[in-house]
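For clarity, every value in this text was computed on a predicted model and none was experimentally measured. We number each residue from 1, following the sequence as shown.
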Amino acid sequence: MGQSSSQDARMTSPVRVIVVGAGCRGEIYSQFASIHPDRVKVVGVADPRKFARTKLQQQHNILDENVFEDWHTIVEREKFADAVLICTPDRLHKEPAVAFAQKGYHILLEKPMATTAEDCTAIVEACTQSGAMLSVGHVLRYDPLIHKIKELIDAGVIGDVMHIQHLEPVGFYHFAHSFVRGNWRNEAESSFALLAKSCHDIDLIHHWAGPRRCVKVSSFGSVSHFGKENKPTGAGSRCLDCSIEGDCPYSASKIYLNRGHTGWPVSVICPNSLPDIESVTEALRTGPYGRCVYECDNDVCSNQVVNMEFEGGLTAAFSMVAFTEEICKRKTTIYGSKGELSCDGHEVHVFDFLSQRSTKHKAHNDSPKVFGMSGHGGADYHLMAAFISAVANNDPSHIRSGPEETLLSHLLVFEAERSRLESRVVHCGDIGKRRMTDKHVDIKTI
């Protein structure tokens with residue numbers, strides 16, 4: 001980030017941003033303005049929930065005239081900011097992204113870009129045609145340790161990449177919170193699990209593969225364990241009224257009441273108030289997060305594998321698993337012609353075949369502690385730093401998760417899910433063949 005900080009020092013005024021969607025992600029990204037008020041100022045907010053938008057307004061001293069229930073009202077006004085942070089639910093990404101791009105706002109768009117390939121493509125087209133910069137919230141691209149992996153690959157320390165093995169351990173209570181009881185539990189209301197949770201990971205594999213395009217993909221996965229057929233005898237429909245709650249690792253009481261803090265995931269379950277014993281208990285008694293995990297309307301995969309073959313014989317295997325101790329601490333092994341690279345989420349090890357020696361690599365992470373609590377190891381901070389630098393200097397080179405490559409990795413996610421649903425190997429056709437370096441994006445060639 002050294003380059004961006006030296007350029008930012010020449011800024012004459014902070015970048016002005018509007019937050020569309022003042023939930024967990026919108027609040028996290030906007031914290032950058034509290035840490036660096038000289039670099040960015042939050043000047044507007046839109047959210048249909050009064051508590052959420054009022055909370056963000058108070059945090060950033062936003063004028064009443066710039067607080068909105070509906071983002072459409074912002075688009076109807078004269079442009080009054082440089083950029084917008086779109087952190088709406090997954091299915092509500094495309095419309096605001098296209099509208100704000102056409103209005104001339106630069107865009108930070110929370111992942112996934114959208115829930116269909118057509119909508120993702122429409123967003124990229126709108127940004128390309130309007131000249132708006134687009135940064136997609138693939139925060140792991142900005143994680144210093146993940147970036148170190150890419151640097152080592154590009155430096156040739158393991159030779160030609162031959163195989164990539166990558167695991168995302170979601171975490172047993174994280175999955176129960178988000179994908180059984182929570183906002184991403186049901187595909188019709190949000191999106192399928194590979195897109196909602198693991199488009200990060202497919203994007204990283206695509207990134208590490210470099211210029212080689214994926215030619216074939218297969219995927220398998222299902223909803224495991226969290227269903228009525230596995231409900232224990234004697235279990236109630238809600239955890240607060242369940243006689244065997246003490247024996248259940250997915251108990252809502254254990255997850256939300258017994259943790260001794262009000263941060264994530266406790267902060268999510270009280271959308272209209274700050275969490276305390278009374279409000280959390282009421283939420284568990286009446287809301288979706290107090291339901292028995294075996295009686296929810298979840299239909300997204302709890303475990304899934306994706307196998308990919310890239311040009312030149314490179315293969316990759318990805319696994320997403322709900323039933324893990326660690327939460328989102330990815331584990332990666334990359335096998336090269338000259339060595340083997342492994343990362344456990346804390347440090348990178350490279351074993352060199354010639355010398356028979358192993359070298360440890362660490363990455364400096366100077367993100368503030370408040371960003372480290374977001375679950376992405378401070379990568380949210382570095383994503384915001386890069387986006388603000390790009391907007392301040394009118395230089396999209398700061399953005400590591402721009403429109404073209406992000407679109408290609410999203411299209412690969414859709415192909416993988418098609419493979420799972422159709423129980424067949426999918427040949428990827430022209431995905432990735434065109435790198436979209438032209439000013440105009442031709443959808444038919446992607």
Side-chain angles (χ1 to χ4, degrees), residues 1 4-5 8 14-15 17-37 39-42 45 47 52 55-56 59-60 83-90 93 106-113 133-150 168 170-171 174 177-178 183-184 196-201 203-204 207 261 263-265 267-268 326-330 345-346 363-392 398-402 406 409:
M1 292 293 166
S4 62
S5 51
D8 292 347
V15 171
V17 303
I18 300 166
V19 179
V20 176
C24 181
R25 300 305 296 160
E27 187 174 359
I28 287 170
Y29 288 140
S30 64
Q31 286 174 345
F32 191 88
S34 302
I35 298 168
H36 297 290
R39 296 184 59 188
V40 59
K41 180 173 176 58
V42 179
V45 60
D47 196 295
K55 182 182 178 184
L56 203 79
Q59 288 173 344
H60 299 282
V84 60
L85 314 181
I86 298 178
C87 304
T88 50
D90 296 354
H93 282 186
H106 299 300
I107 296 170
L108 190 155
L109 177 62
E110 177 57 7
K111 65 85 187 168
M113 294 174 72
M133 283 185 277
L134 174 65
S135 177
V136 178
H138 278 313
V139 296
L140 296 182
R141 288 278 195 107
Y142 301 84
D143 183 306
L145 197 63
I146 297 293
H147 188 56
K148 174 65 70 175
I149 293 175
K150 177 62 172 171
E168 180 184 15
V170 181
H174 177 10
H177 165 73
S178 297
N183 293 336
W184 294 273
K197 187 72 185 83
S198 301
C199 65
H200 277 313
D201 304 278
D203 179 70
L204 286 180
H207 185 49
H261 67 76
W264 184 92
S267 60
V268 174
E326 288 200 283
I327 296 178
C328 301
K329 278 290 183 186
R330 274 84 171 172
H346 303 283
H364 178 62
N365 190 343
D366 58 357
S367 61
K369 185 177 180 181
V370 65
F371 274 89
M373 296 172 67
S374 69
H376 295 133
D380 296 321
Y381 173 83
H382 296 293
L383 168 68
M384 275 297 294
F387 178 65
I388 296 304
S389 292
V391 174
H398 292 277
I399 296 172
R400 296 178 190 165
S401 51
T406 304
S409 70

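Residues C87 and E27 have side chains not in contact (no heavy-atom distance under 4.5 Å, counting atoms from C-beta outward). You'll find the side chain of M113 reaches within 4.5 Å of the side chain of L134, heavy atoms only. Taking the side chain as every heavy atom from C-beta outward, I388 and V17 approach each other to under 4.5 Å. For the pair S135 and L383, the minimum side-chain heavy-atom distance is below 4.5 Å. Using a 4.5 Å heavy-atom cutoff, the side chains of L56 and D47 are not in contact. Residues Y142 and I399 meet the side-chain proximity criterion, which asks for heavy atoms closer than 4.5 Å.
A donor-acceptor distance shorter than 3.5 angstrom exists from the side chain of H106 to the backbone of M133, with no hydrogens or angles considered.
Between the OG atom of S389 and the NE2 atom of H382 there is a distance of 12.0 Å, given to the nearest 0.5 Å. The distance from atom CD1 of I327 to atom NE2 of H174, rounded to the nearest 0.5 Å, is 7.0 Å. Between the CD1 atom of I107 and the CZ atom of F387 there is a distance of 8.0 Å, given to the nearest 0.5 Å. For the atom pair CZ (R25) and CG (L108), the distance works out to 9.5 Å, reported to the nearest 0.5 Å. A distance of 5.5 Å separates NE2 in H93 from CG in L109, rounded to the nearest 0.5 Å. Rounding to the nearest 0.5 Å gives a distance of 7.5 Å between NE2 of H60 and CD of Q31.
Closest approach of S401 to H138, counting heavy atoms only: CB-CB, 4.1 Å. Y29 approaches L85 most closely through the heavy-atom pair CB-CD1, 4.0 Å. Across all non-hydrogen atoms, the minimal contact from A196 to W184 is CB-CD1, 3.8 Å. In terms of heavy-atom proximity, G345 sits nearest to K329 at O-NZ, 3.6 Å. Nearest heavy atoms, F32 versus R39: CZ-NH1, 3.5 Å. Across V40 and A33, no two heavy atoms sit closer than the pair CG1-CA, 3.4 Å.
L140 pairs in a side chain to side chain contact (heavy atoms under 4.5 Å, CB included) with only one of the listed residues (H147, H207, H200, R400), which is H200. When each of S30, P37, S34 is checked for a side chain to side chain contact (heavy atoms under 4.5 Å, CB included) with V42, only S30 meets the rule.
Contacts of H177 classified as ring-ring contact (aromatic ring centres under 6.0 Å, His included), with partners at least two apart in sequence or in another chain: Y256, W264, Y289.
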